[in-house]
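So the structure is just underneath, and the comments pick up after that.
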Amino acid sequence: TGASLYLVLRKWNETLSFVVAILFIVSPFGITESTWGIQDEAIVVFTFLIPVLLMMHGFKRLGSAALAAGIWTKFLPVFLYPVMYMSLNSRKDRKQSLITIALTSLLVAIPFLLICPVEFLYFPSYYLLGREGGVTAGLSLWHFLERGGVHIPGVVGAAATIVAVLFAYW
């Protein structure tokens with residue numbers, strides 16, 4: 001991720017892009033989360049930043065493909081798409097973006113759906129609808145509330161997230 005940040009940002013300022021890359025690499029948060037904490041937050045940063053940086057460089061299709069791959073890796077990049085979509089100037093670019101995302105999603109999903117459909121469909125339901133009993137999963141606010149004895153259905157959590165994103169864009 002640090003190398004990617006440097007390579008993409010150096011177009012604007014090589015010295016500052018080097019500083020950004022080094023800061024990312026030596027960040028205590030990144031080191032702690034990805035090594036000792038055995039979490040995937042460094043991957044989340046990568047899948048969140050790469051589509052933005054590609055779009056900033058004018059690689060619209062590649063940015064859309066990276067966004068789709070990022071969404072299949074971790075759902076967080078899905079919140080980028082409304083901004084990316086609005087930044088595209090023409091209907092043609094917007095249509096190509098949607099097609100690229102759809103094709104990339106098919107390229108990711110079809111092999112898994114053919115080999116292990118039940119296990120593969122567990123991924124989106126894990127994050128969107130939760131585990132058995134309808135409670136959301138993962139390390140989220142909803143998960144912590146559940147651990148405290150407050151059970152909120154996954155659909156309510158998904159709806160609250162959508163409302164929060166719409167409010168943020170508004």
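The analysis underlying the following values was restricted to heavy atoms, covering all of them including side chains, and did not include hydrogens, waters or symmetry mates.
Listed here is the closest heavy atom pair of P111 and L106: CD-O, 4.2 Å. In this structure, L54 and G63 approach most closely via the heavy-atom pair CB-CA, 3.8 Å.
Using a 4.5 Å heavy-atom cutoff, the side chains of I99 and R61 are not in contact. By the 4.5 Å heavy-atom criterion applied to side chains, V52 and L67 are not counted as neighbours. The side-chain heavy atoms of I110 and L114, taken from C-beta on, include a pair separated by under 4.5 Å. Here the side chains of S97 and M84 are not in contact, with every heavy-atom distance at 4.5 Å or above.
Distance check, rounded to the nearest 0.5 Å: CG of L49 to CE of M56 gives 10.0 Å. With values rounded to the nearest 0.5 angstrom, L113 atom CG is found 5.5 Å from L121 atom CG. Taking CG of L88 as the start and CG of L98 as the end, the distance is 9.0 Å to the nearest 0.5 Å. L53 CG to S17 OG: the interatomic distance, rounded to the nearest 0.5 Å, is 11.0 Å.
Chaining together hydrophobic side chains whose heavy atoms lie under 4.5 Å apart leaves L16 on its own. Other residues sharing a hydrophobic cluster with L23 under the 4.5 Å side-chain heavy-atom criterion for ILVMFWY residues are V19.
Considering only residues two or more places apart in sequence or on other chains, Y85 meets the ring pair (Phe, Tyr, Trp, His ring centres under 6.0 Å) condition with Y81.
In terms of hydrophobic clustering, with Ile, Leu, Val, Met, Phe, Trp and Tyr side chains grouped at heavy-atom distances under 4.5 Å, V108 and I115 are assigned to different clusters. F59 and L103 fall into different hydrophobic clusters, defined by Ile, Leu, Val, Met, Phe, Trp and Tyr side-chain heavy atoms under 4.5 Å apart, directly or through other members.
A side chain to side chain donor-acceptor pair (under 3.5 Å) with K60 is found for exactly one of T100, D93, N89, namely D93.
Classification of the Y6-F18 ring pair by plane angle, with boundaries at 30° and 60°, yields perpendicular.
Atom CZ of F48 sits in a crowded spot, with more than 12 heavy atoms from other residues, nucleotides or ligands closer than 6.0 Å. Other residues, nucleotides and ligands contribute more than 12 heavy atoms inside 6.0 Å of the NZ atom of K11.
Using modelled atom types and a 3.5 Å distance limit, the side chains of W72 and S105 yield a donor-acceptor pair.
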